[in-house]
Amino acid sequence: VTGAADERDDEPIAHHYVLVLVVEAVTLTALYLLSRWFR
Amino acid sequence: MHPVDWAIVIGVMTWIVWDGLRRTQGRDKLEGYFLANRSIPWWAAGLSVMATQLSAITMIGTTGQGYSDGMRFIQFYFGLPLAMVILSMTLVPFFYRAKVYTAYEYLEQRFDAKTRSLTSFLFLLSRGLSCGVIISAPAVVMSIMLGLDVTATAFIIGVPAIIYTVFGGVQAVTWTDVKIMVLIIGGLLATVILLVLGMPDTVGFADAMHLAGVTGRLNAIDFKFDVKETYTIWSGLLGGLFLSMGYFGADQSQVQRYLTAKSLHAARHSLLMSAYWKIPLQVLVLLVGVLVYCFYIFTPPPMLFNRVHEERVMQSDRAGDYKALQERFDSTLNARRAAADLVTATDTPESQAAYLKADADLKAVRGEAAALVKSVSGDSSYNDANYVFPTFIQTQLPIGLIGLMMVAIILAATDSIAAELNSLSTATVIDFYKRYAKPTASDAHYLMVSKWATAFWGVFASVIAIWASELGSLIEVVNKFGSYFYGSILGVFFLAIGWKRANGTGASVGVIAGVALVAIVARYGVSYLYLNVVGVVGVMVTGIIVSELTRLGKRDSGTGSRESGTGNR
């Protein structure tokens with residue numbers, strides 16, 4: 001079954017995109033705080 | 001290495017090849033061989049994407065970078081999550097719904113055959129040559145660690161990849177990637193735990209990290225804006241964004257990983273796995289390097305981590321110079337240890353300054369020793385940092401874990417090379433052989449040609465790898481040359497989906513103009529991370545102008561016909 005369309009293909013995925021950006025912002029902040037904490 | 005460690009290395013390598021060969025079952029059709037019949041679950045495709053990017057150079061070079069330079073390299077990856085989001089929204093649906101084998105095949109659907117062939121050729125040229133480096137760079141380091149010559153080590157890395165990729169196709173590549181990623185992450189976590197437990201009783205983890213922080217090794221974010229500086233938050237976010245989009249969106253070695261996913265939904269999720277986990281994984285790799293630095297504050301390190309080079313210098317007429325350096329190194333090491341104890345006991349600006357001076361003195365002595373090695377061995381590209389982590393593994397980890405980490409490094413190279421061979425073979429057969437030489441042959445014929453193409457690229461990469469150390473700076477030139485193409489190829493894809501009236505002539509001229517523009521800008525010392533932005537902009541601007549001009553020309557000549565490539569497909 002070549003590349004069968006998945007019923008979930010059109011499922012909203014935007015929440016993942018937002019979550020990726022939130023996770024990155026948190027990671028960058030954590031890295032910044034890490035360098036400040038152990039200075 | 002201890003026989004137990006050798007047994008682990010041989011046993012795991014044999015299991016990986018055997019399991020890859022097992023996956024030959026059912027691979028009698030081209031779509032099965034190259035795309036696993038689009039049946040791979042999202043998490044396996046996602047781990048394969050991550051494994052392809054994480055090569056042995058990451059395990060050796062990045063830990064070495066963490067040891068000598070700290071966490072700042074992490075900024076290189078800051079644009080990656082954003083790139084994954086953009087690709088999931090833009091290129092991935094186009095590739096997946098177009099039912100293509102290669103990313104470049106889509107360009108023929110959208111533009112014309114010459115655009116497809118040009119971009120695929122650029123991919124083959126740059127990837128084909130870089131394959132050799134993926135083998136040779138770790139082979140040089142691992143040959144010292146394993147006590148073998150470079151050629152034998154290159155074969156240990158390359159031959160298993162060739163065998164399971166030729167016979168198992170993309171199924172073998174993907175499922176091998178999954179196993180290797182588990183091995184690598186498990187090994188790194190075990191190393192971190194042992195490093196933390198290995199600190200002296202009088203020194204806590206926080207004290208050790210504080211010493212690393214005093215030297216600036218924990219400074220992960222640099223807010224300075226300088227286009228000639230490679231590792232800043234801005235180069236990472238902007239340059240890293242375009243580099244990642246180029247790598248994951250226009251490089252067949254990555255595109256093929258997520259084209260094997262069982263649905264568009266799964267393909268998107270496989271990319272988002274990297275979006276979530278790539279930065280934490282790289283933090284882990286760099287943290288290992290930083291912790292190794294902390295470990296060697298309290299446990300005397302060798303002056304040089306490459307013992308073979310050290311022995312060579314000791315047998316040369318510069319042995320006296322080396323001994324004098326060793327004495328300076330020992331006394332400076334003691335001074336740094338005393339300064340470290342002082343910082344741990346009384347954390348004052350004075351004690352920190354004393355520690356920084358002692359650390360800088362030690363670095364200077366090591367620099368002189370490395371220069372001596374370069375002069376005696378003639379190896380001008382020698383970088384002692386690459387030997388730090390492998391030497392730590394061999395001298396400080398317990399028996400068993402040594403074998404596990406050694407095989408993890410070897411397999412990190414093996415799985416990257418396997419993905420490259422698989423994609424090179426796909427582009428060769430689909431974009432050239434099937435397109436031009438034999439368009440209507442049977443699947444069995446294409447499958448046979450694909451296996452031969454994989455074997456050819458494997459042999460080609462091995463030959464380049466063996467000669468790479470002799471080629472020296474030529475390889476660097478080739479790699480640099482390859483980096484000129486990334487942004488330009490990505491620019492064509494953005495032109496395809498972003499400008500409805502773009503045509504094949506505009507796209508082809510755009511690629512050539514983009515590559516030329518990147519080559520010119522690179523001459524002014526601009527960091528390579530920004531070159532991808534230049535490439536994308538160069539292709540899009542030129543592509544749009546040429547497309548519009550050719551449309552006007554046709555309209556003026558009275559044909560009144562629409563460009564064949566217009567319209568968003």
Side-chain angles (χ1 to χ4, degrees), chain A, chain B residues 29 31-32 35 37-39 70-72 74-75 77-82 84-86 88-89 93 96-100 206-214 216-221 223 233 236-237 259 261-269 271-272 274-280 283 287 352:
Chain A
V1 187
T2 303
D6 191 303
E7 66 272 14
R8 293 185 303 169
D9 277 359
D10 296 320
E11 234 177 54
I13 197 171
H15 63 287
H16 273 292
Y17 299 154
V18 174
L19 200 55
V20 164
L21 300 181
V22 170
V23 168
E24 173 157 26
V26 170
T27 309
L28 263 61
T29 309
L31 284 169
Y32 179 70
L33 292 176
L34 181 83
S35 63
R36 303 285 298 179
W37 184 265
F38 288 112
R39 182 173 286 184
Chain B
K29 294 270 191 288
E31 189 168 25
L35 296 178
N37 293 322
R38 302 181 201 261
S39 62
M71 304 287 287
R72 59 198 292 265
I74 193 65
Q75 296 171 114
Y77 294 96
F78 284 173
L80 188 148
L82 198 57
M84 296 311 208
V85 169
I86 293 171
S88 294
M89 291 165 76
Y96 205 86
R97 288 182 177 136
K99 302 269 181 277
V100 291
D207 293 328
M209 289 291 277
H210 177 54
L211 286 166
V214 167
R217 280 181 171 78
L218 296 180
N219 290 347
I221 300 177
F223 290 100
I233 188 169
L237 283 173
L259 284 182
K262 60 169 65 171
S263 65
L264 173 59
H265 187 80
R268 282 172 159 157
H269 272 82
L271 275 185
L272 290 179
S274 282
Y276 284 118
W277 290 106
K278 185 63 191 178
I279 292 179
V283 167
L287 188 65
Q352 286 193 13

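Note on naming: letters A, B, ... go to the chains in the order of the sequence lines (proteins, then strands), and numbering restarts at 1 for each one.
- Residue T29(A) holds its OG1 atom at 7.5 Å from CD1 of I221(B), rounded to the nearest 0.5 Å.
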Anything under 3.5 Å between a donor and an acceptor, one on a side chain of residues 206-213 of chain B, the other on a protein residue two or more places apart or in another chain? List them.
{"from": "D207(B)", "atom 1": "OD2", "to": "G204(B)", "atom 2": "N", "distance (Å)": "3.3"}
{"from": "H210(B)", "atom 1": "ND1", "to": "F38(A)", "atom 2": "O", "distance (Å)": "3.2"}
{"from": "H210(B)", "atom 1": "ND1", "to": "R39(A)", "atom 2": "O", "distance (Å)": "3.4"}
{"from": "H210(B)", "atom 1": "NE2", "to": "D347(B)", "atom 2": "OD1", "distance (Å)": "3.2"}
{"from": "H210(B)", "atom 1": "NE2", "to": "D347(B)", "atom 2": "OD2", "distance (Å)": "2.9"}

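- If you take CD on Q75(B) and CG on L31(A), they are separated by 9.0 Å, rounding to the nearest 0.5 Å.
- Between the OH atom in Y17(A) and the CD1 atom in I86(B) there is a gap of 11.0 Å [rounded to 0.5 Å].
- Distance check: L19(A) CG to L272(B) CG gives 9.5 Å after rounding to the nearest 0.5 Å.
- Heavy atoms of S88(B) lying under 4.5 Å from chain A belong to its backbone as well as its side chain.
- Only the side chain of V23(A) comes within contact range of chain B, judged by heavy atoms closer than 4.5 Å.
- For chain A, no part of L35(B) is nearby; none of its heavy atoms comes within less than 4.5 Å.
- Between P81(B) and V20(A), the closest heavy-atom pair is CB-CG1, 3.6 Å.
- For the pair L82(B) and E24(A), the tightest heavy-atom approach, listed with the atom from each and the gap, is N-OE1, 4.2 Å.
- Of the atoms belonging to M84(B), not a single heavy atom falls under 4.5 Å from chain A.
- For L237(B), the part sitting under 4.5 Å from any heavy atom of chain A is the side chain, from C-beta outward, and nothing else.
- Residues passing the ring pair (Phe, Tyr, Trp, His ring centres under 6.0 Å) test with F78(B): none are found, sequence neighbours excluded.
- Residues A220(B) and S35(A) share a closest heavy-atom pair of N-CB, 4.3 Å.
- At a threshold of 4.5 Å between non-hydrogen side-chain atoms, the residues H269(B) and H16(A) count as touching.
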